[in-house]
Each structure stands twice: as C-alpha cells, then as structure tokens.
Amino acid sequence: MTLALRFDSLAKTYRERGATKRALNGISFDVEAGEIVGFLGPNGAGKTTAMHVLMGILFPTSGRAEIMGFDSRDPQSRQQVGFLPEVFAFDGFLTGTRFLKLFGSLGGRNRDLVAAHIPELLAFLDMPDAANVRIKNYSKGMTQKIGLAQALIGDPQILILDEPTSGMDPIAKARIKQLFVRLRSEGKTVFLSTHILSDVEDIADRVAIINQGALLAYDRVSSLLAANERGYKIVFTGGAAELWTALSSHTQNTDDRGRMEVTCPDRESKDLALQVILQHGGDIVLLKALGGSLQSQFLRLMHQEGLSDD
Amino acid sequence: MINAVALHKLAKLRHSRMILIYVIGCGCISLFTILPVILMGVVSGNRTVGADTALMYFGFARFFGLAAALMLGTTLWRQDEKDGTLLTFMARPLSRIELLIGKSLGCFYAMLIYLGAVAAFYLLAHLLFFRFSIPLSFPLYLIQELMFYLVYFAAGAFFSSFLKPLLAATATLGWAFMALLAKIFLSLSPTWCQVLGEGFKFLSLDSDISYSVQALFTADIPTVMPIFKGIGYYLLWSIIFFSAAVVLFNKREFAGRRS
C-alpha cells in the first residue's frame, strides 16, 4: 500500500512564557492511502499541532512528518492536499464562488475544471444559493461548509481536516459522513480530528489516539473495539411462551418498557441467542455491543492516563 | 499563483474600511482645499499662489503615501494572521516566499494606484499652469516617490516580523528619523558624540538624498540628475529590508485561531 502520511518520531516543543511545553512527544505512525483515519484525543492533546506540522505551518523540533513521501516543509507536499483548519475564517468580502476560484487557482488547478467543480460542490454541501453570497453573511455552519469546500476544491488525494463538522446541523453532518465514505471509495485519504467518536466508529478504518503529545493507540477500529468487548445485549419483544425458557442459559432481564433483554458474554452465544429468538417468533428491537464502543475504549484509555473518572 | 495572491491582497485593501476612509480623506483634502486655491491663483493671474499650493499638495501626498506604505508594510501578513486567514493560504502548495511576494505585490499595486492619483492631480495642475508642457523630471519623480514608499513598506514588513504592527511602525519611524539624530550628534564636539553620530548616519536613511519637489515645476536636466541616485539608494534599502523580512517570515511558526 502507498503511504499517504507519515509521522516519524515527530516531536514539537514550544517556549511559552519562559517555560518549555512539549506538545508532541515523538509520535510515529503511518496513514495508508485510501483510508479514513480518525485522530482522537482530549483538548490540548497535540492533534492540531500535529496537523499544523503536516501542513508546514509549524516546524518539528525533531523527527519528521511526510505527505506522499515529501517532507512537510516542502510546498510540493501540499500539492495533493486539502486542509481545513480548526477554526476556519476567511475574508468576508468574497462570495462563495470567488473564494473557491481563488483557492482553486492557488492550488495550481485548471481554472475551467475548478469553475465546473464549484456548483457541484456547493450543491452537494446543500448551499447552492450561497455561491453569490458574501462569506460575511454566512452562518457558522455555512462558513464551516465553505471551508470544507475549499479543502475539496480541485479534487485532492488527501484531506486533512481539523474538526470538519463543527457547527454543522445533523443533516449536514450525515452528508459529510457520506462524503468521506464516497471519497474513500475513490481511493482518497481522509485524516480527520474530531470529538464525535460515534462518527469515527461508523466510518473510520483506523484511529490514532493521542494524549499529552504521546500516541496511546493506533489500530484498526475493529481491533480496538474487539479488545474492549464485554459481550452483547439483545432487546426483543413477543415470541412464544417457551422462548424465555430456551434462553435460560443467558442473563435475562425486563427493561422499563416491559421488553425482554438478554445479555450474551461472547459472539457465539449472541449468534445462538439471535437464532433462538427468531425461531420462536420474537422481534429484535436492539442489538448492542457492551463496552465495545470507541467511546468506551477512548474513555478507558483516558482513565488509564488519569484524565477521566469513567 | 503569486499574482492570484497579489490580486486578492489588492481586493482586500479595496474592501478595508480603514483604507477607504483614508482615500476619501486624501481626496477631500486635495479636492476641497488645495484645488480651489490653485484655481483661484490661476484665475487671479498670480501663478505663484497656485504653484506654492500645488507644492504643498505634493508634500501632503508624500506624507500620506508614506503613512499608507508604512501601514501596508506593518500589516503585510499580520492582518491575515489576526483574521485567521493566513493558515488557509499556507496550506496551499505555495512556498512562504511566494506568499510574501504575492502579498507585497498586491501592496505595490495599491501604491501604484495611489501614485496614479497623485500623477492625475499633477497633470491637472500642469494643465492649469503650463498648458501640457510636462517636464521630464515628473516620471522620474514618480519613480523615486514609489521607491521612497517602498523603503517604508519594506522596513515596516521587516520590523513587523518580530514586533506588533504599532511597534513596528514606531521602529520604522525611529529608524527613519535616525538621520536627524546623526545630524544632532555630529554637530556636537565630544568624540563619543561624533562616533555615535557616524554610527547613526551609517544605519539611517539619508534624508539629504531626496529630490526637490520644487524641481517639478522648474525642471531642467541638471536638477533631474540626482534623482537617479535617490532611486538607486531607496531601492537598495528596500531590497535589504525586504530580504530580511522574507528570511524571518520563512522561519516563523504560526498559531491557528482557537475556537
């Protein structure tokens, strides 16, 4: 597989009011092309710093960051990259179209292609009417969307996005998730930092979790979830009278709405229970992995770091 | 790509409220105070009155141009950093040198437009006084004026590499007035004053090298000649300051806006 991004023992130290602050503590991991990778961590963990080093905005104290084999300090490394900063802002006097044309031309893209891409992009982001509206008149969500549009203009191979759905409504968030999945299917790489862990769990191939500048975990989402799995809960209604007896080997319960619940310790017993419920005419209302969510895994890691009580 | 950055900078300046107020102010001063006096001089047949006032206008124009150049230099990228737009530019496949040159080029275009307005005023005054006889010195005067602004622009850009805009403007003016200090110290007899005076003279912008505005209206070739010295001198200072500003910008790290 081709490497899209590489962090190689990347360290970054700041001088802040006379004190030395270590923002990144020698993190190393690779992002393969065509993957969606979630970059997670609590506030101040070093996510934005790492992204800024990638974009050549900050320089590493030691180690290096690479984009498609180019050192992050080389402008050539940004040739195929779309970047959305954490707080996107741009000159309010520009209209959406003029802004996107400007950034298309700054990326060295063909003007005609950029001009043709703009209406399609704005339509997908559900803001076709914003094309001729000045950015200063945009809402927060629209500003974020136009920021995302500038990252997408010219069809870059890699997207580096710092909290891309911040300020967007749930419909827009769902669309953006779809967009990321579509981009992955086109072989593009999406490296995103976000606090919405359920989104990352839904769409990401891998996650990198950092805290205080150190990489705590970097793995496939499925592996991280499996490592923390504590069984399954099945909620169902109806079914023949003997169903309850047939499930006697599982922990049984009735929830506050009178629905039946069984807890299965592992994948095999869950499959068996599902089979039994369906055979006896039960309707499955909910199937949930216990303790296996990315959120719980993230909180567990933070708890180990002394950052969470959960 | 450099020109796209330059044109964007120019558009940004055009939409800047501060610049707009500034331009309207300059326009009002020239149109409502100076132009009527010149016209009255012409009507009354006393051309000296009109010519003196026109010269006063060029004095004002130089002062306003200098202040504008200083403001443009000190906010060259600082304003973008404050607005949070700099990161978006830097994330593009542009080198920092290209980015700074592009922004400076946008400011240069703005200075050219300003000088265009000054030239228009001059041509109007000349039309009134000399009926289209435009001396050779005038285009050279404009070039020198542009170079003069460039020095202040480049010095402002250099000082703003490590100082906030207001402090950078103060430092630039301090540097510009160093020639005055040099003169004061050189006029004093103690050796240390002489040494200090020579030091200031070496570091300062030589105030003696400037073209007489008077020559605009009485120009002949001999008085025009020193202007080339002025153009070269200002250009050299501009290159020194701008190169230093580019080197410092290239090494600088930027922080993003926080939510």
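Chain naming here is simple, since letters A, B, ... match the order of the sequence lines and numbering starts at 1 in each. None of the values given here were measured: they were computed from a predicted structure.
Between A:D91 and the options B:K12, B:K82, B:R14, a salt bridge (Lys or Arg N to Asp or Glu O under 4.0 Å) holds for only B:K12.
Atom-to-atom distance recorded for B:F89:CZ and B:W77:CH2 is 15.0 Å, nearest 0.5 angstrom. To the nearest 0.5 Å, atom CG of residue A:L122 and atom CG of residue A:N132 are 9.5 Å apart. Atom-to-atom distance recorded for A:L84:CG and A:T165:OG1 is 10.0 Å, nearest 0.5 angstrom.
For B:F64 and B:Y114, the ring centers are positioned 6.0 Å apart or more. You'll find the ring centres of B:H8 and A:F99 outside the 6.0 Å limit. Taking the six-membered ring for Trp, B:F241 and B:W175 have ring centres closer than 6.0 Å.
Contact of A:L58 with chain B is made through backbone and side chain together, with heavy-atom distances under 4.5 Å. Proximity to chain A (any heavy atom under 4.5 Å) is restricted, for B:R96, to the side chain, taken from C-beta onward. Contact annotation for A:Q79: both backbone and side-chain heavy atoms come within less than 4.5 Å of a heavy atom of chain B. For a residue to count as touching a neighbouring chain, one of its non-hydrogen atoms must lie under 4.5 Å from one of that chain's; by this rule A:R98 touches chain B with the side chain only. For B:N250, the part lying near chain A is the backbone, with the side chain staying farther off; criterion is any non-hydrogen pair under 4.5 Å.
No donor-acceptor distance shorter than 3.5 angstrom exists from the side chain of B:R92 to the backbone of A:R78, with no hydrogens or angles considered.
Residues of residues 141-160 of chain A lying under 4.5 angstrom from chain B, judged on non-hydrogen atoms, are A:Q150, A:A151, A:I153 by number.
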